[in-house]
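Let me begin by presenting the structure, written as C-alpha cells, before commenting on it.
Since the structure is predicted, the reported quantities are computational estimates derived from the model, not experimental observations. In what follows, chains are A, B, ... by sequence order, proteins preceding strands, each numbered from 1. Worth knowing before you read on, the calculation uses all heavy atoms, side chains too, and leaves out hydrogens, waters and symmetry mates.
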There are 2 protein chains.
Amino acid sequence: MGTVPATRVSRLPSGTSRHAQATRFDRRLEKILGHATEVFCRKGFEGASMRDLSRATGMSLAGLYHYCESKEQLLFLIQKHTFSTILEKLKAQLANVTDPEERIRMFILNHLQYFVSNQRGLKVLSHEDESLQNGLSSEIAGIKREYYRICLGLMEDLRRKRGLDFNTRTAVMSLFGMINWIYTWYKPRVDGNAEALAEQMGDIILNGIVHSGNRQKKKDQILKGHLTSRNLRHR
Amino acid sequence: MGTVPATRVSRLPSGTSRHAQATRFDRRLEKILGHATEVFCRKGFEGASMRDLSRATGMSLAGLYHYCESKEQLLFLIQKHTFSTILEKLKAQLANVTDPEERIRMFILNHLQYFVSNQRGLKVLSHEDESLQNGLSSEIAGIKREYYRICLGLMEDLRRKRGLDFNTRTAVMSLFGMINWIYTWYKPRVDGNAEALAEQMGDIILNGIVHSGNRQKKKDQILKGHLTSRNLRHR
DNA sequence: CATACGTTCGAACGTTCGTTCTAATTATAA
DNA sequence: TTATAATTAGAACGAACGTTCGAACGTATG
C-alpha cells in the first residue's frame, strides 16, 4: 500500500486546455460527493459501502476510485467542504453586524440557513464526527475548533459588554446542542424556515443567559430583569 | 433462517432451582451488555464487530450467541434498558414536584444525572438512534415518544400557567438538543457535576422561554419582563 | 453411575467488505 | 491520422463480516 499517489483530488497541472479538463474532473467529483452525502446520511458512514456509492452514482467501483483514494477520503471531502462553507459564510455575515447580541443571532441564523439548504451535509458533518482517523480527523477538528472559538468569542463579548455572569463554555455548548441536534427532528412544513427557527433559538439562548442566575421564587422575577444587574450565582 | 427461537432473553421456566439459574444467566448477559455498551460507544454500532465484543467480554463468538440472538438485539437491549431506566427514574422524581418550573428543572436534572452515571449508555442511545430496524426500532421509538410527550406536557403546563407565548415544540426540541448533545463535549473535571450543569441549562431554557418574544432594542428590555404579559411574536 | 441440560468453544459457513489489477474505451493534442 | 492521456469497467484480491454447527465441558439431579 501507500505507493503512487496517482489520482490527486484536484490537479492544477493538466496537459490539455487546463480549464475544461480540471473543471470536468472537479464537476464529476462534486457529483460523486453529492451522492455520497446522501448515502452516508441515510446509512451512516460505516453502514454505507462503496458498492452503495457505486450504485448511487451509476459508476463502477473502479470508476469511483479514479476520483478518490478511499471511502474515508470521500467523507473527509464532504465534511471539509461543508464546514468550510459554513465558516466562510459566517465570517461574511458577521462582518456586517457589531452589536454583540445581534452577532450571536447572526451566528445562529447562519448555521440554520445552511442547515436548511444542505440538511444531509450537515447531518453527515455532525453525526459522523468520530468516523475519520488521524490526519484527516485532525484537519476537520481544526475547522471545528475555529468555529467553536468564534462562537465562544461572541459569548464573551456579550458577557463583557453587559457585565453578565454566566458560564460561556456551557452556553456555547448548549447552543451547539440546539442547532446541531436539529437534524434529528426538523421538518420544514412543521417547523418553518431558518429565520423563524433562528429567532426562537436566539430568544431562548439570549434571554436565557441575559437573565441567567436569577432563580425566581415565582413573583420575585417580575421586579428583576435589569440588564446590567449582576446576578451572581454559580461559578 | 427463522426457525427455532432457542435462546430466550430471559426464560422464566428453568428446570433447576429457578432462582440461581435465572440470575446466573441474567447476570452474565448484563456483563455482556456492559462490555457491548463500551464497544458500541467507542466504535459505533456498525463499526463494532461481534469479534470486538468477543474480545471485550473474553468469550468466544459462539459463546456470545448463547446469550443473544444477534448483534442488533444487543443494541436493542442496551437502548431499552437505558431508556426505560431514565423514564422510570423520571416518573419517580416528578412525583415529588408540582411547580411547573421546578418540574422542568427536575426533568433536566434527571436526564443529566443519569448521563453522568452512565455516559456510554446514553451516547449509544442518542447516537445510534437509527441503527435498529423494524420491530426493535419501533419499540424504542415508543419509549422515546413517551419521553418526548412528558417533556412537552411540562412545557405546556408552564406555558398555560404563566400565560406565556412560545412554541412548545421548538422549546422541547431545543432542550433535547442541549441535554443530548452533551455526550460530545462533557468533561467531568471541567464541567462540574450534574446538578451544576442542570441548573445552568435550566436557567437558559426557563429564562429563555419565560422572557421569549421580547426582542429588545437594547434599552427597551429593561422595562419589560412582566411574567403574564403576552408578547405576541412569530406564529 | 447415568442422564440431562446449561454452557462454552474451535472451526467453518456463505457473504460482503474496501480496494486493486488489467485492459478496453473515450476524449484530446499534435 | 496517430500518439497520449484521461476515464471507465469486469473481475478478482485477501480480509473481515454476522452467524451457525457439532462436539465437548461442567455440574447436578435421578
From [options], pick the nucleotide closest to the side chain of [X]?
X: His66(B); options: dT7(C), dA6(D), dA12(C); result: dT7(C)
X: Tyr67(A); options: dT20(D), dT8(D), dT7(C); result: dT8(D)
X: Lys71(B); options: dG18(C), dG18(D), dT8(D); result: dG18(D)
X: Phe25(A); options: dG10(C), dT7(D), dT8(D); result: dT7(D)
X: Ser70(B); options: dT7(D), dG10(D), dT19(D); result: dT19(D)
X: Ala62(B); options: dT8(D), dT20(D), dT7(C); result: dT20(D)
X: Tyr65(B); options: dT19(D), dT20(C), dC21(D); result: dT19(D)

Rounded to the nearest 0.5 Å, how far does CZ of Phe107(A) lie from CD1 of Ile86(A)?
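The CD1 atom of Ile86(A) sits 9.0 Å away from the CZ atom of Phe107(A).
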What is the distance from [atom1] of [X] to [atom2] of [N], rounded to the nearest Å?
X: Leu29(A); N: dA6(D); atom1: CG; atom2: P; result: 16 Å
X: Glu72(B); N: dC17(D); atom1: CD; atom2: P; result: 18 Å
X: Gln133(A); N: dG18(C); atom1: CD; atom2: C1'; result: 13 Å
X: Leu64(B); N: dT19(D); atom1: CG; atom2: C1'; result: 11 Å
X: Met59(A); N: dA6(D); atom1: CE; atom2: C1'; result: 12 Å
X: Leu61(B); N: dG10(C); atom1: CG; atom2: P; result: 10 Å

Among Leu112(A), Ile205(A), Ile108(A), side chain to side chain contact (heavy atoms under 4.5 Å, CB included) partner for Met178(A)
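Among Leu112(A), Ile205(A), Ile108(A), the one that satisfies the side chain to side chain contact (heavy atoms under 4.5 Å, CB included) with Met178(A) is Ile205(A).
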Checking side chain to side chain contact (heavy atoms under 4.5 Å, CB included) between Met155(A) and each of Ile150(A), Thr170(A), Thr168(A), Asn167(A), which is the one that passes?
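So, applying the side chain to side chain contact (heavy atoms under 4.5 Å, CB included) to Met155(A) and each of Ile150(A), Thr170(A), Thr168(A), Asn167(A), only Thr168(A) qualifies.
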Going by atom type alone, with no hydrogens or angles, which donor-acceptor pairs under 3.5 Å involve a side-chain atom of residues 40-48 of chain A and a protein atom two or more places apart or on another chain?
residue: Arg42(A); atom: NE; partner: Glu38(A); partner atom: OE2; Å: 3.0
residue: Arg42(A); atom: NH2; partner: Glu38(A); partner atom: OE1; Å: 3.0
residue: Lys43(A); atom: NZ; partner: Asp52(A); partner atom: OD2; Å: 3.2

Basic-acidic side-chain contact under 4.0 Å: Asp203(B), Arg105(B)
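A salt bridge links Asp203(B) with Arg105(B).
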Check for a donor-acceptor pair, side chain of Arg169(B) on one end and backbone N or O of Asp191(A) on the other, with a separation under 3.5 Å.
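Not at all, since once roles are kept as given, no pair shorter than 3.5 Å links the two residues.
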Interface with DNA chain C, restricted to residues 38-56 of chain A and to heavy atoms under 4.0 Å
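Those residues whose heavy atoms fall under 4.0 Å from DNA chain C, taken from residues 38-56 of chain A in numerical order, are Ala48(A), Ser49(A), Met50(A), Arg51(A).
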No-hydrogen, no-angle side-chain donor-acceptor test under 3.5 Å, Tyr114(A) and Asn118(A)
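Short answer, yes.
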Phosphate OP1/OP2 of dT8(C) contacted by Arg28(B) side-chain N/O (<4.0 Å):
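Yes.
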